[in-house]
Undergrad: 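Handing you this structure, nothing more for now.
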Amino acid sequence: MIDEFDERLRLHLDKLETRGRRYLFDAGRRTALRLALIWAAPACLGGALLVLIWGCFEPLNSIAAISTAILIPAIVAIANYLWRLPRRSPDRRTTLALFDHLFGLKDRAVASDQFRKSPSRNGFEEAALAEAHPWIDRLLDIPLEPPDRPSPLWSWRWLFPVSALLVLCLAIIVPHRRASDPNSAGGVAQAPERNLSADVTTAPPANSPALGAMTPKTETRLLDDRSRMMAPLDELGSIMGARIQGALGALGLRRDGSGPEAEAGVAPPRSSAGHNAAEATPGLKSTNEGAQSEGGFQATSARNKESPEAAPSVRSNEGFMRSEEAVAPSEAIASPSHAGAMMQDPSSQRSAPPKQGGSQQSDGDKGQQPGRRRRSDQNSNSREQGADGSENGRGAGDEAAAKKGRGVASLLLALPMQDRLAGVASNGRVGVTMREGRPQAIPVQQAPAGDRGVNRGGMGVSPYHNDTAHEQRLLSDYFTRSGAPDGD
Amino acid sequence: MASTEDVELVRRNAAEFKKTFINIREEVGRMIVGQADVVDGVLTALMAGGHVLLEGVPGLGKTMLVSSISRAIDLPFSRIQFTPDMMPADIIGTTMLTEAEGGGHELTFQQGPIVSNLVLADEINRATPKTQSALLEVMQEGQITVGRRTIQAPDPFCVMATQNPIDQEGTYPLPEAQLDRFLFKLIVGYPSETDYHTIIERTTSGREVVINPVTNGEALRRLRGIVRQVPVTEAAKIYAIHLVLATQPGSVYAPACINQSVALGASPRGVQGLMLAAKVQALLDDRFAVATDDVAAAVMPVLRHRLITSFHAQANSISVDTLLEEVLAHVKLPYATD
């Protein structure tokens, strides 16, 4: 009878084992899939970033980029899944323990399997088997629910593919836009504000020979990137600088750069050291692109000089600018075109005829001239700050003006400025809080006369010591000997 | 192979065990209001053959609980009130000069109050560690050695000690060696609001509560034997071992908090205590084999006084119970799958 019981129990346990093994393998497969998808989510972003980095060095093929962005997470997911896939089938105890844990059997299945194999079972083990058997019988009829469905993109993980998509779009769109930009297509290293300040009448043509034969592609891109990074701050700085200048002008405090350079009608790109050097020596062939660019602008300036229409136009624009600033200085920077027009090169302005007052204005140039005027003001200011008014000083002044404007923008935007001396971010303004206070008396304690000076900051205490016998004898001998002084 | 009669005998014994346990619990419950966990813990330790340390502030009925249990079991009971000026000889006995029957004097050994079935060591931490150490031998070996004389402690023998929290004034911490000899350390808490009503009715109405003995020393000895026969599954053994190892800093099973906050982990007595307590628990649950759940239920009372916390834990007010909860959460069940 006991043998029959054992055999029946063994069969039941075998069935449980088979079911449990299948369940565990299924669960392991699902877990592997879930973990693979979890790893694939950040891999999406990684792939997209890789494409973005790739696009920084080479022009991207859209199909290749998308394929790369898809393939990388797919490879990660497949490798992860294969790596985590259960290779060994779980042992019998593990499968039986699964039922104990799932159904709260308190180890009855595992204990039954252990005691059943025992060669000499005692009464307690037999009782344990008999007590556990109904529970195991019941288990055979209860279906095992499948493991939980994998949910890889729960909570915040969906951000990975979304971010990857955005990065991928960025990686594909930005190089296309750059390629469609005529300035960058010509290979010119120009900042974005250059486009903003592009003057139809004064900007050099994109296909100018001087510009077309400029820098190598990589350098152009690097400079372009740098310009793109600095563009918002520079632009805002220029706007703020113009606003301040406008306000000063409205108040009559403005320093007027009334020299002939200030009235130039040419709007070259932002200056650089090479630019200024080339400007100082027009005939010199500069090796850097700034100088080459400047050469192009000088040619444009020369054309403006030759052109009889250009000077009146400048003059009329100047007149408009003054009247506009006098009326409403703040409106001068209301539009991007105004802001862009503020960035102009002093060298080209220098080539313009002397300033002429007047209220003539040209509608076509309305949007640019005030800015040009302010730029010239800034340049004249910087020239005043220069040591000897040389071209070098003018270039430094131009740069300083831009930095000043950038600093103003930084202040207004509460951006930390870099300390030019220490090279670290400034801690900002240091405030001093003054408090009123009354003098307070120091408590005085009574002390014996001999203690005076102790802890009062004055003299210290002289240690008292008894005279030695020798000293006493000397003293008595002095006063008792004959011929001693009388009492004084 | 066990016969059917053996199985029936086991079933009867298990049923008797449970019935006796419940009877003692009910009888004690006539005197002690609430504190069900503490009563169960004391009875579990008594059935498992261990000693109990009850910790709580004064006035929570610790002494009354122990005296009630001794009356319910109908065993000789002695109470030792530990004081700071107590000496070891006051506990284990001493040799005294007495008058002989035929005249003259002789040295006779006077047994101390420790020689009794149930010993209540009241406020044990008010005595100095030297005096507390007088209990070491009798708690572990069940015998007392005085000079060249060795006295066997009666069977069943159980020390039920009470102590005030050690941060109270005039207390001395128990030596680790003695703490390790207690099977359980139970924390006696304050009664609930409804318990207070019952306490007032029972203790201030002038009504005498009589506790009747429901078992005796012989029955208790036999029940202790039944407990030891309960088989243990491999899973429960592995789990208990892993739990004890996890309390030892530097062990591969120890979680980070144990490495950081524990200076001394549980000893092998911890595993023994876990197994014995789990066996009692299995019998009370009408099972004939120890399961991992029984082991987990015994972790707190068995291990909480065996862990010596480090300065880091004391400085950060990390209690031993918190650490044990971490251990329980950290140690995986045997054969468990992720």
Undergrad: Could you tell me which non-hydrogen atom of B/T233 sits nearest to which non-hydrogen atom of A/A111, and how far apart they are?
TA: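 That would be CG2-CB, 3.2 Å.
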Undergrad: Roughly how far, to the nearest 0.5 Å, is the CD atom of A/E126 from the CG atom of B/D6?
TA: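 Answer for the CG-CD pair, B/D6 versus A/E126, is 9.0 Å.
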Undergrad: Let's test your reading of the structure: which of B/V230, B/V290, B/V232 forms the most heavy-atom pairs below 4.5 Å with chain A?
TA: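 Greatest number of close heavy-atom pairs with chain A: B/V230.
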Undergrad: Where does B/D294 contact chain A at under 4.5 Å (heavy atoms): side chain, backbone, both or neither?
TA: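 Contact with chain A: none, neither part.
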Undergrad: Indicate the atoms forming the closest heavy-atom contact of B/V10 with A/G123, along with that distance.
TA: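 Scanning both residues completely, I find the closest heavy atoms to be CG2-C, 3.6 Å.
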Undergrad: Got a salt bridge between B/D285 and A/K106, using NZ or NE/NH1/NH2 to carboxylate O under 4.0 Å?
TA: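 Salt bridge present between B/D285 and A/K106.
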Undergrad: Do other residues, nucleotides or ligands put more than 12 heavy atoms under 6.0 Å from the CH2 atom of A/W39?
TA: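 No, not enclosed.
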Undergrad: For atom OH of A/Y81, is the number of surrounding heavy atoms from other residues, nucleotides or ligands below 6.0 Å larger than 12?
TA: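 Yes, the 6.0 Å shell around OH holds more than 12 heavy atoms from other groups.
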Undergrad: For A/F124 and B/N13, what are the C-alpha separation, side-chain angles and deciding distance, and is it a side-chain contact (heavy atoms from CB on, under 4.5 Å)?
TA: CA-CA 10 Å; A/F124 263 98; B/N13 287 340; 5.7 Å; no
Undergrad: Under 4.5 Å heavy-atom distance to chain A, tell me which part of B/L9 shows up: side chain, backbone, both or neither.
TA: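 For B/L9, neither part sits under 4.5 Å from chain A.
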Undergrad: Flag the pair A/N122 / B/Q229 as yes when at least one side-chain heavy-atom distance between them is below 4.5 Å, and no otherwise.
TA: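 Result no, sub-4.5 Å side-chain heavy-atom pair not found.
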Undergrad: Quick check on A/E125 against chain B: is it the side chain, the backbone, both or neither that has a heavy atom closer than 4.5 Å?
TA: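 Contact with chain B involves both backbone and side-chain atoms of A/E125.
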Undergrad: Do any N or O atoms from the side chain of A/E131 and from the backbone of B/F288 form a donor-acceptor pair under 3.5 angstrom?
TA: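 The answer is no, because no donor-acceptor pair under 3.5 Å joins these two groups.
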Undergrad: Give, for atom CG of A/L105 and atom CZ of B/R287, the distance between the pair rounded to the nearest 0.5 Å.
TA: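 A/L105 CG to B/R287 CZ: 10.5 Å, rounded to 0.5 Å.
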Undergrad: Which distance, rounded to the nearest 0.5 Å, do you find between the CG of A/D100 and the OG1 of B/T292?
TA: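 Spacing of CG (A/D100) from OG1 (B/T292) equals 7.5 Å.
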Undergrad: Would you find more than 12 non-hydrogen atoms of other residues, nucleotides or ligands less than 6.0 Å from B/D37 atom CG?
TA: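 Not more than 12 within 6.0 Å, no.
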